[in-house]
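Contents: one structure, followed by commentary.
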Amino acid sequence: MESVQVKCPPSLSPKYEGSFAYLTVRDRMPTILTKVIDTIHRSKNNFFEKHGEEGVEAEKRAISFLSKLRNELQTDKPVLPLTDTAEDTETWNQYMQRQQELMEESKPVSWFKSPWLYVECYMYRKIQEALWLSPPIGDFDVFKEGKLKAFFESQRAIMSLCTHWRETLTSMGDANEKQLKEHFFKFLQVALWGNKCDLSISAGQDNFQKTSPVDTLSDLQRFILVDDSDKVWSVLTAVQSPLGAERLGARVDVILDNAGFELVTDLVLADLLVSSGLAKEVHFHGKSIPWFVSDVNKHDFDWTLTQTTAANHRHMSACGVQWKRFMKEGVWSYHDHPFWTLPHEFCDMPAVAADLYSTLQASDLLLFKGDLNYRRLTGDRMWDHTLPFERVLRGFQPAPLCSLRTLKANVQVGLQPGQAEKLAAQDAEWMTDGKYAVIQFSSPSREQ
Ligand code: F6P
Ligand code: MG
């Protein structure tokens with residue numbers, strides 16, 4: 001794994017007053033913390049019913065940890081080492097040391113002076129620390145309520161999407177390659193736009209998918225700034241299954257983002273990949289702890305399959321039954337490596353999580369969903385917008401990969417000369433209002 005030397009620009013940071021990072025740390029992150037504290041407070045009776053007095057004590061303890069955290073965040077105090085004893089605790093504390101070495105005039109690593117990617121990820125990991133240090137409520141998912149609500153409020157869109165997919169499936173048997181390619185492009189774009197609905201960008205405010213994006217795909221086309229769909233298609237169709245393989249097709253890995261409607265769009269896309277024979281297996285990668293409000297964890301994944309199966313809707317239920325069968329047969333699998341909830345840029349993965357990197361090297365195609373994954377792919381730095389995506393990955397290329405991302409942070413590369421300037425003239429918030437998206441691909445260069 002040779003490291004690719006690229007001169008790195010500074011990280012996005014709240015130290016730049018008025019920047020999106022600054023507004024996130026000043027406004028949205030404290031709001032999210034306050035909602036978390038409120039959720040724990042409103043769950044006190046449940047904790048009492050489940051754990052008796054211990055549950056009540058735990059509620060008080062967690063709230064005091066989180067209130068202290070919110071005060072430190074709002075008054076730009078130094079960030080503190082983690083004190084729980086989890087698998088990743090040491091890695092987090094080493095990362096903080098590394099940040100400390102990078103600070104000018106050895107100023108302490110603090111909320112408003114450090115890289116945005118680090119302090120935002122750190123906040124979510126500190127929420128988990130507060131729960132783990134407050135037994136017996138360590139396994140309480142502070143975002144579960146919001147994720148469930150998002151799922152139920154998106155029912156109409158989910159039913160419409162499942163209906164559309166099941167009807168497509170009936171006609172897919174005799175589709176020629178051109179028709180199959182059109183189906184793939186359509187459901188790839190549905191999964192792309194499914195990413196608009198995340199609860200972190202809205203600081204937990206309702207942000208539900210009200211209509212099925214299938215009906216609006218053509219209107220949304222012009223908001224796709226980079227569309228490498230053809231390159232993704234070429235990777236999938238180039239995979240030759242070994243002679244005699246019991247199942248044709250590629251191995252595809254989906255690095256998931258948000259639960260709710262977005263997860264359903266990912267499951268539908270994965271269903272198309274397997275049902276069409278384009279893929280022989282799909283590996284889903286979720287988060288091992290509650291993350292960025294709406295990100296998928298194992299419970300969310302299993303719950304969504306159970307919920308769709310139990311739906312009082314023919315097509316939704318048929319989807320759920322099929323998806324549970326894929327899991328049972330091992331055609332689909334779910335994984336949640338701790339690296340996905342670390343703050344590192346992805347180019348650090350070979351050094352920090354070599355096991356995960358080699359797992360991803362066994363894939364034929366990696367689909368990275370969402371904005372936070374894009375920020376980690378690019379390191380959340382102030383790159384020139386026209387730098388090639390593969391250069392900015394700086395050696396992170398375990399397999400051909402594609403980012404399916406709606407823009408919610410001011411980092412974007414791989415654009416044409418003049419494209420960013422034109423967008424900024426039309427819409428000053430083009431990088432952060434979630435209106436624009438990319439389907440951005442990179443594959444190992446021949447010589448690698
Ligand atoms: O707080 C805003 C934000 O942190 C984005 O910058 C971040 O990437 C987003 O929330 C989460 O978006 P997604 O769910 O698409 O990763
Ligand atoms: Mg997310």
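The analysis underlying the following values was restricted to heavy atoms, covering all of them including side chains, and did not include hydrogens, waters or symmetry mates. Just so you know, residue 1 is the first one in the sequence shown, and it goes up from there. All ligand and atom numbering here is 1-based and tracks the order in the structure.
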Atoms of ligand 1 under 4.0 Å from any heavy atom of W116, numbered from 1 in the order shown, are 6 (O)

Within-cut-off N or O pair, T24 and ligand 1, under 3.5 Å: no

Open item on the list: I want to check a possible cation-pi pair here: R26 against W111, using under 6.0 Å from ring centre and within 45° of the ring axis as the test.
Closed with: no

* To do: Give a yes/no on ligand 1: does Y374 have at least one heavy atom closer than 4.0 angstrom to it?
  => no

Looking at D348 and R98, does any basic side-chain N land under 4.0 Å from a carboxylate oxygen? yes

Next on the checklist: Looking at R375, is its backbone amide N or carbonyl O close enough to the side chain of D380 to form a donor-acceptor pair, meaning the two atoms are under 3.5 Å apart?
Outcome noted: no

Per-atom filter on ligand 1: closer than 4.0 angstrom to a heavy atom of G370 are 15 (O)

Counting only nitrogen or oxygen atoms and a 3.5 angstrom limit, does N373 reach ligand 1?
no

For N195, the ligand 1 atoms with a heavy-atom partner under 4.0 Å come out as 15 (O)

Which is it for N297 and W291 under the side chain to side chain donor-acceptor pair (under 3.5 Å) test, yes or no, and what are the steps along the way?
CA-CA 8 Å; N297 60 36; W291 196 249; over 6 Å; no

> Using 4.0 Å as the upper bound for N to carboxylate O, is an ion pair formed by R251 and D253?
Replying inline: yes

field: Side chain proximity check, V252 to V274, heavy atoms < 4.5 angstrom
entry: no

Per-atom filter on ligand 1: closer than 4.0 angstrom to a heavy atom of D371 are 5 (C), 6 (O), 7 (C), 8 (O), 12 (O), 13 (P), 15 (O), 16 (O)

Is N195 close enough that one of its N/O/S atoms sits under 2.8 Å from the Mg ion (ligand 2)? no

Exercise for review: Output yes if D371 passes the N/O/S-under-2.8 Å test against the Mg ion (ligand 2); output no otherwise.
Suggested key: no

**OP:** If the plane angle is over 60° it's perpendicular, under 30° parallel, otherwise tilted; pick one for F368 and F346.
**Re:** tilted

Within 4.0 Å of some non-hydrogen atom of D257, the atoms of ligand 1 are 13 (P), 14 (O), 15 (O), 16 (O)

A student checking ligand 1 against R28 at a 4.0 Å heavy-atom cut-off should list atoms 1 (O), 2 (C)

For the Mg ion (ligand 2), the nearest N/O/S atom on D257 is atom OD1

Any side-chain donor paired with an acceptor under 3.5 Å for D228 and Q440? no

Residues passing the ring pair (Phe, Tyr, Trp, His ring centres under 6.0 Å) test with Y22, sequence neighbours excluded, are F112

Note: ligand 1 atoms sitting under 4.0 Å from heavy atoms of R375 are 4 (O), 5 (C), 6 (O), 7 (C), 8 (O)

Closest to the Mg ion (ligand 2), among the N/O/S atoms of D295, is atom OD1

Item to check | Pair E59 + R42: basic N to acidic O under 4.0 Å | outcome: no

Donor-acceptor list for residues 336-343 side chains, cut-off 3.5 Å, not counting sequence neighbours:
from, atom 1, to, atom 2, distance (Å)
H337, ND1, F339, N, 2.9
H337, NE2, D355, OD1, 3.1
H337, NE2, D355, OD2, 3.0
T341, OG1, P338, O, 3.1

Note: heavy atom closest to atom 1 (O) of ligand 1, options E120, M29, M431, K196, belongs to E120

Ligand 1 atoms nearer than 4.0 angstrom to some heavy atom of K408 are 5 (C), 6 (O), 12 (O), 13 (P), 14 (O), 15 (O)

Indicate yes or no: does an N/O atom of N258 lie under 3.5 Å from an N/O atom of ligand 1?
yes

